[in-house]
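These notes concern the structure reproduced below.
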2 protein chains.
Amino acid sequence: MSEENLLKLVEAEEPEENDYHLQEQVGFILRKAHQRHVSIFAAHIADLTPPQFAALAKLRDVGETSQNQLGTLIAMDAATVKGVIDRLKARGLVELSKHEVDKRRLLVNLTAEGRDAIERLIPLARDITEETLAPLTPKEVATFMKLLAKLA
Amino acid sequence: MSEENLLKLVEAEEPEENDYHLQEQVGFILRKAHQRHVSIFAAHIADLTPPQFAALAKLRDVGETSQNQLGTLIAMDAATVKGVIDRLKARGLVELSKHEVDKRRLLVNLTAEGRDAIERLIPLARDITEETLAPLTPKEVATFMKLLAKLA
DNA sequence: GAAAATTCATTCGTATGCAAATGATATCAA
DNA sequence: TTGATATCATTTGCATACGAATGAATTTTC
């Protein structure tokens with residue numbers, strides 16, 4: 001058998017397609033779905049970003065926490081959460097204090113204004129979730145959320 | 001009854017109006033799923049980001065295009081795609097030229113090196129997709145991709 | 001054909017997002 | 001107790017991501 005035919009045979013045994021379609025890849029669609037959600041978020045809540053909202057909502061849940069711990073809870077690394085908290089602090093929505101025992105820790109908590117803000121925004125957040133999932137039927141929503149959670 | 005159990009009872013009897021859980025919101029989970037994918041991508045392809053890969057993969061599909069048109073195809077706005085293309089150009093993976101007729105347009109195309117790179121990376125991209133979807137069964141993958149596409 | 005509207009690209013400003021390096025503090029282990 | 005590790009936070013650098021403003025070129029409209 002010629003070298004050329006041998007090559008063809010080897011290629012024929014490969015199950016791989018030559019086609020690669022970017023728009024069918026899960027990463028690409030995930031990025032687009034996320035973009036769409038952020039856009040819907042901004043249309044409902046113009047003065048806060050999703051990460052800023054997440055920080056406030058989580059502080060409402062757990063109360064005072066260290067900056068790093070908050071980052072863990074809302075899936076942000078230390079460098080990212082610092083920027084988010086800095087901006088919330090500049091707007092008076094959170095306040096910072098030093099941990100009395102562990103001097104490394106920077107404690108973060110809602111201010112009264114921050115608490116008012118998050119309570120006021122949560123109903124809008126429900127609308128955002130609803131609009132994001134609007135293309136799906138209720139049954140599809142349940143299925144999708146279950147599967148998405150497995151990937152996160 | 002202990003004070004602790006009494007507290008539990010009182011809490012159980014309270015109509016729960018604090019029923020907003022960040023970690024159950026589609027936007028939050030979408031963000032985490034995207035983060036996980038990007039992390040998997042970086043583990044397989046260290047020298048290119050997902051947007052850079054997307055640009056090369058799409059140029060492979062469609063050939064020479066204008067920068068804006070490419071942005072539309074890979075869901076990036078004009079400002080973002082400019083930065084991505086600038087960096088790919090600096091690395092010699094794409095080349096730019098002026099449109100002869102429409103002088104507003106900046107044409108983008110793969111260089112020989114860029115074409116080699118994307119052909120070499122596509123098999124790795126298949127692995128990335130596979131690993132991202134690994135928590136799901138094949139049947140779940142089909143369902144998930146169908147529903148995700150509706151949201152993107 | 002000229003004014004108006006549109007399109008393409010660039011620039012600026014702001015906000016994630018993360019790797020890596022650094023410094024301060026706390027904890028673990030020999 | 002001390003030396004090694006680990007944790008918390010900060011800083012720097014780089015890369016998306018997008019709104020808004022701008023300028024250049026094209027198309028539409030009247």
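Just so you know, these numbers come straight off a predicted model, no measurement behind them.
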Measure the spacing between [atom1] of [X] and [atom2] of [Y] and express it to the nearest 0.5 Å.
{"X": "A/L56", "Y": "A/I85", "atom1": "CG", "atom2": "CD1", "result": "7.5 Å"}
{"X": "A/L124", "Y": "A/I45", "atom1": "CG", "atom2": "CD1", "result": "5.0 Å"}
{"X": "B/D77", "Y": "A/Q35", "atom1": "CG", "atom2": "CD", "result": "8.5 Å"}

Do the side chains of A/L59 and A/L107 join up, straight or via other hydrophobic residues, at under 4.5 Å, putting them in one cluster?
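In one cluster with A/L59: A/L107, no.
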Regarding A/V108, tell me which of base, sugar-phosphate or nothing describes its non-hydrogen contacts under 4.0 Å with the strands shown.
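Since no nucleic acid heavy atom lies under 4.0 Å of A/V108, the category is nothing.
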Residues from residues 63-81 of chain B lying under 4.0 Å of DNA chain C - heavy atoms
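Output list: B/S66, B/Q67, B/N68, B/A78, B/A79.
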Partners passing side chain to side chain contact (heavy atoms under 4.5 Å, CB included) against B/R104 (at least two apart in sequence or in another chain)
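Testing B/R104 for side chain to side chain contact (heavy atoms under 4.5 Å, CB included), a comparison that skips the adjacent residues, returns B/D102.
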Result for 5'-nearest mapping on DNA chain D, choosing between B/R104 and B/R87, is B/R87
Do any pairs count as a salt bridge (charged side-chain N to carboxylate O under 4.0 Å, His left out) and have a residue in residues 25-40 of chain B, sequence neighbours left out, and if so which ones?
none
Five-pair end axes of the helix from C/dG1-D/dC30 to C/dA30-D/dT1, angle between them (10°)
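It works out to 20° between the end axes.
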Can you name the salt bridge (Lys or Arg N to Asp or Glu O under 4.0 Å) partners of B/K146, sequence neighbours left out?
none
For B/D86, enumerate each residue passing the salt bridge (Lys or Arg N to Asp or Glu O under 4.0 Å) test, keeping only those at least two apart in sequence or located in another chain.
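Salt bridge (Lys or Arg N to Asp or Glu O under 4.0 Å) check on B/D86 returns B/K82.
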List in numerical order all residues of [range] for which some heavy atom is under 4.0 Å away from an atom belonging to DNA chain D.
{"range": "residues 46-54 of chain B", "answer": "B/T49, B/P51, B/Q52"}
{"range": "residues 91-100 of chain B", "answer": "none"}
{"range": "residues 30-44 of chain B", "answer": "none"}

Heavy-atom count check: over 12 atoms from other residues, nucleotides or ligands less than 6.0 Å from B/E24 CD?
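It does: B/E24 CD has more than 12 such atoms within range.
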Please report, rounded to the nearest Å, how far the [atom2] atom of [N] is from the [atom1] atom of [X].
{"X": "B/K82", "N": "C/dT11", "atom1": "NZ", "atom2": "C1'", "result": "9 Å"}
{"X": "A/D86", "N": "D/dA9", "atom1": "CG", "atom2": "P", "result": "12 Å"}
{"X": "B/K89", "N": "C/dA9", "atom1": "NZ", "atom2": "P", "result": "15 Å"}
{"X": "B/K103", "N": "D/dT26", "atom1": "NZ", "atom2": "P", "result": "6 Å"}
{"X": "B/D102", "N": "D/dT28", "atom1": "CG", "atom2": "P", "result": "12 Å"}
{"X": "A/I85", "N": "C/dT16", "atom1": "CD1", "atom2": "P", "result": "10 Å"}

Lys/Arg N to Asp/Glu carboxylate O, B/E113 vs B/R91, below 4.0 Å
no
Looking at side-chain heavy atoms only, is the closest gap between [X] and [Y] below 4.5 Å?
{"X": "B/H99", "Y": "B/S66", "answer": "no"}
{"X": "B/V94", "Y": "B/N109", "answer": "no"}
{"X": "A/Y20", "Y": "B/D61", "answer": "no"}
{"X": "B/L151", "Y": "B/L147", "answer": "no"}

Once side-chain hydrogen bond (donor to acceptor under 3.5 Å, both in side chains) is applied, do any residues pair with A/E119, and if so which ones, sequence neighbours excluded?
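For A/E119 the side-chain hydrogen bond (donor to acceptor under 3.5 Å, both in side chains) partners, ignoring immediate neighbours, are A/R60.
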Among residues at least two apart in sequence or on other chains, which ones pass side-chain hydrogen bond (donor to acceptor under 3.5 Å, both in side chains) with B/T65?
none
Assign the ring pair B/F53 / B/F41 to parallel, tilted or perpendicular, where the plane angle (0 to 90°) is split at 30° and 60°.
perpendicular
Taking only N/O atoms, report every protein-nucleotides 1-5 of chain D pair under 3.5 Å with atom names and distance.
none

Do B/T129 and A/Q25 pair up side chain to side chain, a donor and an acceptor below 3.5 Å, judged on atom types alone?
yes
